[in-house]
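Okay, structure first, notes after.
In this chain, numbering begins with 1 at the start of the sequence shown.
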Amino acid sequence: MYPQLVIDLKKLQENTKVLVDKCKAQGISVMGVTKVFCADEKSAQAYVDGGVDYLADSRIENLERLQFFAPKKVLLRLPMISEAARVVEAADITLNSEVATIKAINQAASAKGLVHEIILMIDLGDLREGIMPVDFEATVSEITALENIQLIGVGVNLTCYGGVVPNADNLGQISAFARRLESEYGLTLDIVSGGNSSSLYLLDRDGLPKGINNLRLGEALVLGRETAFGDAIENTHQDAFQLVAEIIEMKEKPTLPIGEIGMDAFGNKPVFEDEGIKTRAILAVGRQDVNVDNIIPVDSRIRIFGASSDHLIVDLTEVANDYKVGDTVTFNLEYGGLLSLATSPYVKRVYK
């Protein structure tokens, strides 16, 4: 059955081992982020076999599915107060920035006789999650007064929202905050988390500041790319995940629609260029299944024209003799493409 999300577990494990070994050579632990494939258990096992130290996800539902894996589970998205009881059961560690939420988690942990570990996130310019540096002392004072919360680390997120590139300056600030916690509050920190796959480029430049001992890696493991500049990582695979879709129509048609152009199915007014008659194929996959701007035909002679909810239209003019109705077309994926495919209930997962 198609469409298929084809997962090469061997390549995924090899990617993971390459990155884990690279990090461990510089004293850095790895959180393997499972959210892009919705905590698929076989893919998570490839992470574990590749040597990750933690399994991390943004959704509590995903962490609940990963409970039988040995590594500690980390909730990456700031917890919701409404899910505090579930959080302390499913996650060993959470990333936090709101004292009110931390107090709710403390109460939930107390009710279950647990001590919950947290990483305090600090915003250093990307303007997503994290306390502002000016609030550091007041926040830490409130956290350290809680009996069922253990502050085990500090962290920063970069590039995901504001596109701010990690460097020696902003990551150096995280190291400095960690040193303050240890010297001024007598804490011993297990984790100083220097961001995500966008921080990897610093490893090759010896630019990761001293004291950073953890990275949260997702895209680098699954697609073999660092995310500061989008470069492929040496000795990794960029095709561990692929989309395979079936051709359901293949005909010679004009490239310019006939008639007055109004809005398409998504409320946009499309613009077309008249390129004459082309061999156009429709594939049985659409925007309900995948972000079509983030898929790349493996056969470079194939071009994507566009898509509606359930139909992907491609140009097969240069390869018309190589395909027929019932054949399949394979695509490599960018992050957004993989995320949407893994989320769609209409896409079958196939393992190699």
Is Arg280 positioned over the aromatic face of Phe305, cation under 6.0 angstrom from the ring centre and no more than 45 degrees off axis? yes
Cation-pi geometry met for Lys42 and Tyr351 (6.0 Å, 45°): yes
For the residue pair [X] and [Y], confirm or rule out a side-chain donor-acceptor distance under 3.5 Å.
X      : Y      : result
Glu14  : His237 : yes
Gln242 : Asn332 : yes
Arg216 : Ser193 : yes
Ser198 : Thr159 : yes
Ser175 : Gln173 : no

Donor-acceptor check, side chain of Ser344 to backbone of Ser340, threshold 3.5 angstrom: yes or no?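 Looks like no, no N/O pair under 3.5 Å.
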Using a strict cut-off of less than 4.0 Å between a Lys/Arg side-chain nitrogen and an Asp/Glu carboxylate oxygen, indicate whether Asp239 and Lys11 qualify as a salt bridge. yes
If you measure from the Lys or Arg side-chain nitrogens to the Asp or Glu carboxylate oxygens, is any gap between Arg180 and Glu137 under 4.0 Å?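 Yes, Arg180 and Glu137 are salt-bridged.
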Applying the 4.5 Å side-chain criterion to the ILVMFWY set and letting contacts propagate, would Leu189 and Leu124 be lumped into a single cluster?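 They do share one cluster, since a chain of ILVMFWY contacts under 4.5 Å joins Leu189 to Leu124.
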Count I, L, V, M, F, W, Y as connected when their side-chain heavy atoms are under 4.5 Å apart, and connections chain through other members. Are Ile295 and Leu339 then in the same cluster? yes
